[in-house]
Colleague: 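The structure's right below; bear with me while I get my questions together.
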Amino acid sequence: MPSPLYLAAVVALAGAITLALRAAPFVILSRLRSSDLVAYLGRHLPAGVMLILVVYLLRDLPVDRPLLTLRELVPVLVTIAVHLWRRNALLSMAAGTAVYAVALAVVPA
Amino acid sequence: MTGRSWPGDLRAAAADVAGIGAGMFLLGTSFGLLVVGSGLAWWWAPIFSGVVFAGSMEFLLVALAVAGTALAAVAVTTLLVNGRHVFYGLSFPLHRIPGRLGRAYAVFALIDEAYALATTRPDTVLSGRRILWSQVLLQVCWISGSTLGALTGDTFALRVPALDFVFTALFVVLATEAVVAGREAIGPLLAVAGALVARLVAPDEMLLVAMGLFVAVLLVRYRRTRRESADA
């Protein structure tokens, strides 16, 4: 269980960095707008970062137990499929979560 | 234009955010349930939502905090996950928001949804006050949703294992959107490969190593495209 002090530090740190990122373009607007590197990162960073996070969230997949691995992966694939089909974030998440609920019932740990 | 009075702006903003606000309220509830389900006290939910106010990052912060992640890794992850916000400021109409305090709040509360609302409608329709109100209402939806979820989870000792997946699904959706918008496959493939390498080589510092590898790869690719365009 994390200590309150550590949690407060996590909140303060993440809050400060998020605010700095949101304020940065207004403070150094012109330099950011003309930077090729910023434009390049803006185009190529988001997809990779999000994918890394998905892999991170699935990092403890029990790869030595195929059925349990499938139980975790199938809802992910359903979420992607529904999202590519309807492009509605809430619908995709609801569909994936519903499939996960069924998968938990069908394949107990 | 919907009048110059503030109740008129508030009403207009309420109509603007109705759909998105309901979605944020629901997502907030599952965030609150996650906070309590992760073993944190319920009141951390409104603190996260009030201070950080970046939905997807908050889910991730709870996971990182419960895993006892080093603060340096928390900082780098926040920087990269919320890095996209740097680009919002380039087109958000901050000059139309009234007052210094109003502008300060508008920057603090510049979440994805607020950016989308403020930049997808013509200037003549959206007054600065209406944008500001919509940001306030979105945060009210998010904080009340997460507090309600946390209190419900706390009071009824509610543990819904299937809801753990909401968090994964959120990032799966964000990744799908970003990959489709990026219109290239090599970058995303390199990111996944780097993440798998990091998982095998440095399981305890997986995020930091994976993000570091990916940024390094992007910088190398950037330099190469620059050199190629200079040669051409």
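Every value quoted in this text rests on a predicted model; they were computed, and no experiment measured them. Proteins get letters first, then strands, A, B, ... in listed order; numbering begins at 1 in each.
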Colleague: Answer yes or no: is there a side-chain heavy-atom contact under 4.5 Å between B/F25 and B/L148?
Modeller: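 In contact.
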Colleague: Among B/T69, B/L163, B/D164, B/L189, who wins on heavy-atom pairs under 4.5 Å with chain A?
Modeller: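 Answer, by heavy-atom pair count under 4.5 Å with chain A: B/T69.
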Colleague: Which residue out of B/L219, B/L94, B/V217 racks up the most heavy-atom pairs below 4.5 Å with chain A?
Modeller: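 If we count pairs closer than 4.5 Å to chain A, B/L94 comes out on top.
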Colleague: For the residue pair B/F31 and B/F48, categorise the inter-ring angle as parallel (less than 30°), tilted (30 to 60°) or perpendicular (more than 60°).
Modeller: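 Aromatic pair B/F31/B/F48 classed perpendicular.
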Colleague: For chain A, find which of B/L80, B/T77, B/V107 contributes the most heavy-atom pairs closer than 4.5 angstrom.
Modeller: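 Answer, by heavy-atom pair count under 4.5 Å with chain A: B/V107.
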Colleague: So which part of A/A8 gets closer than 4.5 Å to some heavy atom of chain B, the side chain, the backbone, both or neither?
Modeller: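 Looking at A/A8, backbone and side chain both touch chain B.
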Colleague: Tell me the residues of residues 58-70 of chain A whose non-hydrogen atoms fall below 4.5 Å from those of chain B, in number order.
Modeller: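 Listed by number, the contacting residues are A/L58, A/R59, A/D60.
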Colleague: Count the heavy-atom pairs under 4.5 Å between each of B/V66, B/V192, B/L64, B/L207 and chain A, then report the option with the highest count.
Modeller: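 Highest number of pairs under 4.5 Å: B/L207.
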Colleague: Heavy-atom distance under 4.5 Å to chain B: side chain of A/L13, backbone, both or neither?
Modeller: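 Looking at A/L13, just its side chain touches chain B.
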Colleague: Nearest 0.5 Å, what's the CD-OG1 distance between B/E228 and B/T225?
Modeller: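 Separation between the atoms: 7.0 Å.
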Colleague: At a heavy-atom distance under 4.5 Å, which candidate from B/A75, B/S56, B/A67 has the highest pair count against chain A?
Modeller: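 Of the options given, most contacts go to B/A75.
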Colleague: If you count heavy-atom pairs within less than 4.5 Å of chain A, which of B/V51, B/T78, B/L40 leads?
Modeller: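 Most heavy-atom pairs under 4.5 Å with chain A: B/T78.
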Colleague: Of the backbone (N, CA, C, O) and the side chain (C-beta and beyond), which part of A/L104 lies under 4.5 Å from a heavy atom of chain B, both, or neither?
Modeller: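 For A/L104, the contact with chain B is made by the side chain alone.
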Colleague: Counting only heavy atoms closer than 4.5 Å, note whether B/I111 contacts chain A via side chain, backbone, both or neither.
Modeller: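 Its backbone and side chain both get close to chain A.
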Colleague: State which residues pass ring pair (Phe, Tyr, Trp, His ring centres under 6.0 Å) with B/Y222; sequence neighbours excluded, sorted by chain then number.
Modeller: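 Applying ring pair (Phe, Tyr, Trp, His ring centres under 6.0 Å) to B/Y222 gives A/Y40.
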Colleague: Counting heavy-atom pairs under 4.5 Å to chain B, which of A/I80, A/L41, A/L37 comes out on top?
Modeller: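 Highest number of heavy-atom pairs under 4.5 Å: A/L37.
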Colleague: Tell me whether B/R221 is salt-bridged to B/E184, with the criterion being a basic N under 4.0 Å from an acidic carboxylate O.
Modeller: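 Here B/R221 pairs with B/E184 in a salt bridge, since their nearest N and O are under 4.0 Å apart.
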Colleague: Could you tell me whether B/I186 atom CD1 has more than 12 heavy atoms of other residues or ligands within 6.0 Å of it?
Modeller: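 It does not: B/I186 CD1 has 12 such atoms or fewer within range.
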Colleague: Under 4.5 Å heavy-atom distance to chain B, tell me which part of A/I52 shows up: side chain, backbone, both or neither.
Modeller: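 Contact with chain B is through both the backbone and side chain of A/I52.
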Colleague: Among A/V55, A/L21, A/V82, A/V102, which has the most heavy-atom pairs under 4.5 Å with chain B?
Modeller: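 Among A/V55, A/L21, A/V82, A/V102, the one with the most close pairs to chain B is A/L21.
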Colleague: Please classify the contact between A/L7 and chain B as side chain, backbone, both or neither, with a heavy-atom cut-off of under 4.5 Å.
Modeller: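 A/L7 touches chain B through backbone and side-chain heavy atoms alike.
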Colleague: Under 4.5 Å heavy-atom distance to chain B, tell me which part of A/H44 shows up: side chain, backbone, both or neither.
Modeller: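 Contact with chain B involves both backbone and side-chain atoms of A/H44.
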